[in-house]
Structure formats: C-alpha cells, structure tokens
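Here is the structure we will look at.
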Amino acid sequence: MVTSPQDKQTTPEPQATSPAPSHEAAGDPASFQAAPAATAATPPTKKNTLKLVSRATYLKERGLEALFLLCACVAVLAVFLIFIFVLYKSFPVLTQIGLAEFFGSVWAPTDGHYGIMALLAGSLIVTAGALALGVPLAIGCAVYLTEIANKRVSRIVSAAVDLLAGVPSVIYGFFGLVMLRPLIADLTGGLGFGALTAWLVLAIMIVPTITTLTMDALRSIPMGIREASYSMGATKWQTIYKVVLPAAKLGIVNAVVLGMGRAIGETMAVLMVVGNAPVIPESIASPISTLTSQIALDMGYSSGLHRAALFGMGVVLFIISAGLVGAVRIISRPKKEKVDTQALKQARLASEEAAAAEKNREAAGVSTATAAATAAVDTELVSAVEVPEGDLTAAATAQREDLLVGEVTTPYEMATLEDDLTVSELAHARSVQETSRERIKRLLANGQKARVNKRTTNNLMLGVFRAAGLVATLVLVLIILFVAINGFPAMSIEFIFGWPQGVNAEGGIFPTIVSSLYVTALAMVICTPIAVLAAVYLAEYAKQGRLVNFIRYATDTLSSVPSIVMGLFGYAMFVEAMGFGLSMLSAALALALMMLPIVMRTTEEAIRAVPRYVRWGAYGLGATKWQVVSRVVLPSAFPRIATGIVLAIGRAVGETAVVLYTMGQAINLPITPLDSGRPMTIHLYLLANDGINMQAAYGTALLLMLMILAFNLFARYLSNKSANKAQGK
Amino acid sequence: VAVLAAGAALGLAGCSGSASETSLTVAGSTTVLPIAESAAELFQEETGVSVLVSGLGSSAGIEAVQNGTADIATSSRALSDAEKDYGLDTTVVAYDGIAVIVNDDNPVTNLTLDELRDIYAGVITNWSEVGGPNLDIQVVNRDEASGTREAFKTLVMRGTSFDRSAAVLPGTGQVRDVVSRTPGAIGYISIGFVSSSFTTATVKSLSIDGVAATEDNVENGTYPIARDLYFFTKGKPSDLAQEYINLVLSSEMAQTVRDAGYIPASIMDE
C-alpha cells in the first residue's frame, strides 16, 4: 500500500493544474528531479499506480468509483423493480383468474371475464400494419438522406425527422383523431376508428426511430465499398440495392425491431384512434383495442381482479419489449470467428496506431497535450478514430455475410455482377460462332440497351427514395400546420396566463403549463446526476465485461419499457407503496426513470467522444482519475451532454401515459412536490376526449408543440455549436 | 381504489385542520364534473375556500369518499348494493336525460326501448330492421368509467350485455362529433349536449317509445332514459361540505346546471 515517505516526496494532493515537476515524473521518465525518487520507490511496492497519491485521495477515488457504479446500477435496479412490482400487483391473475382464462378471448371485466387474447391480437395487428407502412418509408428516407440528397436538403429533411421524433404522442393521437379519422370514415363508410387509422398514425410515429437508426447503419458503411461499386459501372440504385443495403442489413434489422418495440408500446396515440372495442376485428376499419390502450382506458376506475388483470397486461408488455431488446442484442452481437477476430484485432491496432499518429500530429499542431486543449480538435480526431473503426465493423459484417451466403467475392457483390456478365458472354460465345467484329458490335449494343434500362430503373428508384424523404417532411409540415392553424386563434395572453373556467374549461391553461414544467424540472433534477455519473462509470471506469454488458442490457430494456407500463409501475410504487400519492414527486420519479436511459446514452457517447490524448495530457500532469473526469472530460463533453438532457426534457414535457395515473388530473397550481396537478398533455387528452371545447384543445396542442420544438431546436443549436467550435470556427 | 390519493394531503388536512385553512375535495362522475367545477369557482369567490374537483368516474369518487380521500363524491348513478353499506349520505343535485342521437340524414325518428337495447346488444345491425334505410348501424358506446354508460346500461340494457365490438369512446363531445359525421352511427349523450354552442356539427335525437327527448319530458317523468345526479358524503356532510352543496342547489347555480345540459333539482322541487 501507500507509504508515507513517498507521500511526502510527491505532493499529497496532485493538482492537474499545478505544474509541479514531480508530477511529470509519473508520465515521463526522462523528466529531471523527481524521476530518481519515482524509480527508487518502484521496487518495494508493486502497485505503481497507487504510490503517487495519498491514502485519503486513494480512498476518495475508490469511494467515487463505488458511487458511480451505484449510479450505473440504478438502471438495473429500476428494471428489476418495475418487473417485480408489476408482477406482484398482477399476482391475482395467477391465483384467482388463472392463466387459461387470462389468455382467453373474452375481455369483459364487468362480467368477470379477463381474457386478453383479443387485446394482444389487437396490439400485434396494429404493430404489424404500422411496420408494413413505416419500414419502407423509413428505410427509403434513410437511404435518401445518406446516399442521395445533397447536404443542404439532407440537413433540412433530417431536421424534420428529428422533430417528428420529438412530437408528443398525444399530439399524434389528436391529429389522428381529428384529421385522419374523418378521412378514413369517409373512405370506408365506417366510424373511422380502427386498425387502419392506427396504422397510419403509428407508421408516422415509428418512421423517425427507424430512419435515424438506419442512417447510423448506412453511415458506418465505408465510402470505399460504394466507390468500388461505382467503379464497376453500377448505378446509384444498383449500389444501394446490391451493396449498401446488404452490408447494412444487421443495422437495419435492429432499427426495425426497435421501431416495433416503439409501436407495441405506444399508448396515447393508439388509444385515441382505435375505437377501444376489445374484439378480434372484422375488418381493418372496425374498432379494435390493444393492450396499452385498454390499460390506459381502464386504469382510472378499475379495482380488484380487473386491476390485477391490467397489471398482468403490463407484465406481458414488459416481457415483449424486453424480449425485443434481447433479440436486438443477439442479432447485433458480433459472431466471433477466430480468423476474423485476429484480423480485426490487427486491423484495429493498425487503425489505432494511425489514429494515434494523427492525434500526435494534431496535438503538436495545436499545443502540447494539456488539459486546456479540448474541444478545438475534438471532432476531427473523433472522426479520425471513428471512421476506421466503422470501416472495420462494416467490412467485417460484409465479410460475414459473404461467408454465410457462400459467395467467394471479396469486394462485395461487384464481382458477382462481373461474373454474371462473363457467364452470359460465354453462353453467347458458345451458341453463336461470330467474328470479333460482330461480337464487339453486339456487346456495344447490349451495353447500350442495358444502360438505358439501368438508367430508367435508377431514376425510378431514386425517385422513390426522394419521395420517401419528401413524405416524411410533408407529414411534419402537415402536423405543424394542423396544430398551428387551428391553435393560433386560441392564442392570447389570457389563454396562457389565465385559469380554466366554466363547465368546459374556457379561459386559460396556466396551471397546466406550470404543472408540466414543474414535473419536468423535478424529473430532470432527479435524473441528471444519476444518469451522468452512471455514464461516467460506463465510459471511464468500467472494464468491458459481463457487468457492463448487463448494465447496458438493463438500460436498453429500461428505455424500451412502454410508457404505460412505466405509469403502472409509478402508480404501484410511488403513489401507493411509497405513499407519495398522486403528486408531482410520483410523476417526476417515473419520468426520471424514463429519461435515465436517454441521458445515460448521450452522456456516455459524449464522454467517449472526448479524445484520449486529452486524458493522457491530464494524467501526464499527475491528475487523479476523478480530477481528469471532473475537470477535463466532463467540461469538454458538456455541450453534447446538455444536448442529451435538453432532448430528454422535450420527451418528458410531451409524455402523457407515464403521468396519467401518477400525477392526478385535477387542475391545480402545484407548490410543493407532493401537490397534484394536470400537465398540458393530459389537459389536451381530456379536452380532445370531451370533444366539446376543441378551441382550447388546439390552443393547448399548439403551446405544447411550440415548447417541444423550442427544446428540440435548442438541442440542435447546442450540438451544432459544439460541432462548430470543434471545427475551430 | 385510492385513485384520488392526490387530494390526500389537502383532503386529510380538511378533516383535521381548522376551518379557515381547509379546502374541499370533490371527486367522481365526469357527468357531474362541469357542475361541480363551476360551483367550486363560485364557492372560492364567495368563501375563499378552495375546492379541488376531479372527474374520474362515479365509482372512483364513491371509493374516494369511502376511504376519506375526498369530501364529496359526485355520481351519476345511485349506490350499488355493496356501496349502500358504506353509510353515505345522499343528495340529489340535478336530473339528467340521456338522448339517443343519430346522424341528421338518418330518416329514423323513433325507436322503442327494446329496439334500442337490441341495437346495443348487437342483435339489430341494420337500420332497415327498424324502419330506416338499408345501412349498417355503427354503434358508438361510452367507456366503462362513464356514468352515462352506467345509467344507459341500467335503464336500457337491463341485464343484456353490450355488443363488445362497438366502438368505445371516452367523451360526450367525441360521441357527438362522430355521430354527426357518420351516416349510420348511433350514440347516446346527455340531453343538454345535443345542441352545443361549442361546435357547428349537429345531431338528431330520437324519441323513445314515442316520447321526445326534451327537458320537459324529463321533468314530467315521461321520457324513459332519465336519471338523478347525486352528491354523496360520508355520514352527514361537514358544515363546509353542506355550504357547498347548498350552493350547488341554489338558484345562483341553476343556469350553470342548465348550461351543463341538466335540469336543476331545486326547480323540480318547487
């Protein structure tokens, strides 16, 4: 352990900022003065790393590490608690209803029938249709954005996609109810409630999720593959279809599975458009019900076995979404073939060397690697590091596929194209004896024909992709216009700062705005420290291994927990078991759990994006791990972390299902965390349901939308700013 | 079901605290919600005591009064047999007729109570079976939390189950809006909401057993689908609760009750 003489020789509390020469000894043996002390001290103890710090510092470091680990485990704990609590509350399903009855087909709680089969079928029908509509649109949109669109258009469309992801589900539901339902009703001659309407609404909702993830997958495919394809004379469409998409297959499957999770777990939007008839539907235009919507609809008044059955449905939803996350992890787990790994390792080493070399160059160019040298070089370095690694994974993916399919080709399918050509050529040569002149003529003619054909297909398909991008943008514009045009007449100072009055909530919505902001702020205060410290643990402290994998899986599962299940859990845990009642605190705790994975993920990415040399610089100055993290890494990662937090806030402000049964619904101006209230989302939901004072509903929707757009734009601004700063602009 | 545990802090304070700092918690029927809310505003203006009103359904309200989280339960149905054991004090505050509404273009003007029941049970599925055009009947039901559904079930269904494939909508205005746009639709809402100043969409109410759905017919007791609206308190109402109930019954509130689509109880007593 640490010995006292050394403590005296090195300063007890090494400061990253103080340029004491003894510190340099730690990093640079060539340093003068303290170097002999350090080397002399080496033999007696084996733990080199510990000698330079005092016992107090050591304990502090270990204590902090333990604290971070604890924060990281909050996600794991939360997932367990959610599952156990919801399962516990649904226990009567096993003891009194019986699994056979529970999975029966008759849902009629008032008559004592608790069969969820029709609801489960409803969930699956709604999800399948939404995927059938949404997946092609999303993939088309992603391909358009990454492969076809020029930078400026791409920026606009991807902004539109991001904003679509931020639109609260209650607004989608409102849009579906007021705009789509009458249209569908006219088309089908029915009521307009049913699977078809839900498909359209859900398809719009899952497009951003799938698009963003697919874009990530496509971007990780190295340019070289595309260039190889073009150099073989392939058109853009051929490159996309035969090269890029197959190479990104795994990433796209992941995206689709996650989109599926989103669709199955969606509550409010579905609730507002399905018509809530718990039967297997006769047609796509007749009313159905889903697990999520039935929970939200019944929770308010259910009791006894009925309530237990609702919690049982929560368990089913939890298992489905956790299963989907598990499936994604299994799909995307790299299949480790020995040869591959070796090659990969070597290649990765090489690339790291290259990256390191790059860094050195960069670092030398800017200044010595002190803690001050941070953001300026960040992004360039990041890209330097990221690109080669991305290349490798993509290459590995492609290779794996090649192995699977049994094709011998290395530069991907290009060779296959070539093969095809040669084969047909040979066939021709065999069948017809021809002079070389004739042969050249024929080939030229063939080439001409093929090119025309190729071009038409190319243009046609590129048109399809463009259309996909256009549709995504148009949908956003349509929703914004719908809310803005209808909501604008309701806007007034009185509406924003007034109180609801009279039998139909005329007047203002001030208390609901305050409730929304109050609960979000509270949730943020609870969530941020835990999430950031957990991310610090994962990114800086943790050794990649089982524990970290497990924490990641738990975090992913937590982020996929359907919001209504989170609401059920919040109700059972915070409202009832912990006795917080329907209050800001209960709702904020549930929201914090929902925000936790988002903030954790973005923070971890932000921390990983801080180049390693910055840390080395700080360590070189003798800083402890915590000093490095708190003074160097976190400050330089701050803009990205802030972006993540702002996005999470946007989500929380727009959340409905989580707060529906944790906050209460009474209009009230909350003062203490134990007060109840009605947030804007629930106000909008109730107004839309009443369907009487639609003016106020539109007005609330507009204000809500403006707030969320503001948060999202602010987040974009933050991330752009940090990107610009990093590029030295 | 402590759905209203929200009010717990305030509600409990109301039980134990001094009169000047107390507030009232009123919970229950969404049908009675508009009356209770307007009265709450008026009550606060006049006495300075705040009243927390929430509408989560009659059953939830009765439960909340029973377990002490609310002072007054509002309900659009009478107590069930089980609830009669709670020892609740009953006040009738208003009367409500439920109108059966169809699209303006629907030529049908009258249904018997039995035909109506068969339609909602899924036995009659085409308007031609009740003297209308050859058009599928699109049945619109209310959610189970709704007091209107409860009353409809008691007054019309009388033991027959609802057709479960009917659309279930969670609000009066939505039912009205959907029916106004769909030629074959049928729904039910409180008489007071048949014509609303908030929307331009119109619907037509049917007469039942030959009696038109008008307030007069509800008042004179001939219209068959009508019910009483109640306030329940646990035991005799406290002074504060009594003051609030008196306000709801006062002539001051009569117009508001009419605006909300109901018939004030005070007027029928006279």
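The shown structure was predicted, so the numbers you read here are calculated from the model rather than taken from an experiment. Each chain gets a letter, A, B and so on, in the order the sequences are listed, and its residues count up from 1.
With a 4.5 Å cut-off on non-hydrogen atoms, Ala688(A) touches chain B through its backbone but not through its side chain. Using a 4.5 Å cut-off between heavy atoms, Asp298(A) makes no contact with chain B at all. No part of Ser286(A) comes within reach of chain B, as not one of its non-hydrogen atoms sits under 4.5 angstrom from that chain. At a 4.5 Å heavy-atom cutoff, Leu686(A) makes no contact with chain B through either its backbone or its side chain. For Leu297(A), the part lying near chain B is the side chain, with the backbone staying farther off; criterion is any non-hydrogen pair under 4.5 Å. Neither the backbone nor the side chain of Val179(B) comes within less than 4.5 Å of any heavy atom of chain A. With a 4.5 Å cut-off on non-hydrogen atoms, Ser50(B) does not touch chain A at all. Heavy atoms closer than 4.5 Å to chain B are found nowhere in Val274(A), neither backbone nor side chain. For Val178(B), the parts lying near chain A are the backbone and the side chain together; criterion is any non-hydrogen pair under 4.5 Å. Proximity to chain A (any heavy atom under 4.5 Å) is shown, for Val32(B), by neither the backbone nor the side chain.
Of all heavy-atom pairs spanning Ala166(B) and Ala277(A), the tightest one is O-CB, 3.1 Å. Gln138(B) approaches Gly190(A) most closely through the heavy-atom pair NE2-CA, 3.5 Å. Nearest approach of Leu191(A) to Ala167(B), heavy atoms of both residues: CD1-CB, 3.6 Å.
Options Pro183(B), Gly171(B), Gly184(B) differ in how many heavy-atom pairs under 4.5 Å they form with chain A, and the most are formed by Gly171(B). Ranked by heavy-atom pairs shorter than 4.5 Å toward chain B, the options Gly189(A), Pro281(A), Ala118(A), Gly275(A) are led by Gly275(A). Chosen from Ile288(A), Thr672(A), Asn689(A), the residue pairing most often with chain B at heavy-atom distances under 4.5 Å is Asn689(A). Looking only at heavy-atom pairs under 4.5 Å with chain B, the residue among Gly677(A), Gly194(A), Pro287(A) that has the most is Pro287(A). Counting heavy-atom pairs closer than 4.5 Å to chain B, the top residue among Pro278(A), Ala108(A), Ser289(A) is Pro278(A).
Taking CG of Asp675(A) as the reference point, atom CG of Leu52(B) lies at 9.0 Å (rounded to 0.5 Å). If you take CD on Glu150(B) and OG1 on Thr110(A), they are separated by 8.5 Å, rounding to the nearest 0.5 Å. For the atom pair CZ (Arg164(B)) and CG (Asp111(A)), the distance works out to 9.0 Å, reported to the nearest 0.5 Å.
The pair Arg181(A)-Asp177(B) meets the salt-bridge criterion, since a charged nitrogen lies less than 4.0 angstrom from a carboxylate oxygen.
Residue Glu46(B) qualifies as enclosed at atom CD: its count of foreign heavy atoms under 6.0 Å is above 12.
Annotation: side chain of Arg181(B) is not in contact with side chain of Asp186(A) (no heavy-atom distance under 4.5 Å). Side-chain contact check for Phe193(A) versus Leu169(B): some heavy-atom pair is nearer than 4.5 Å.
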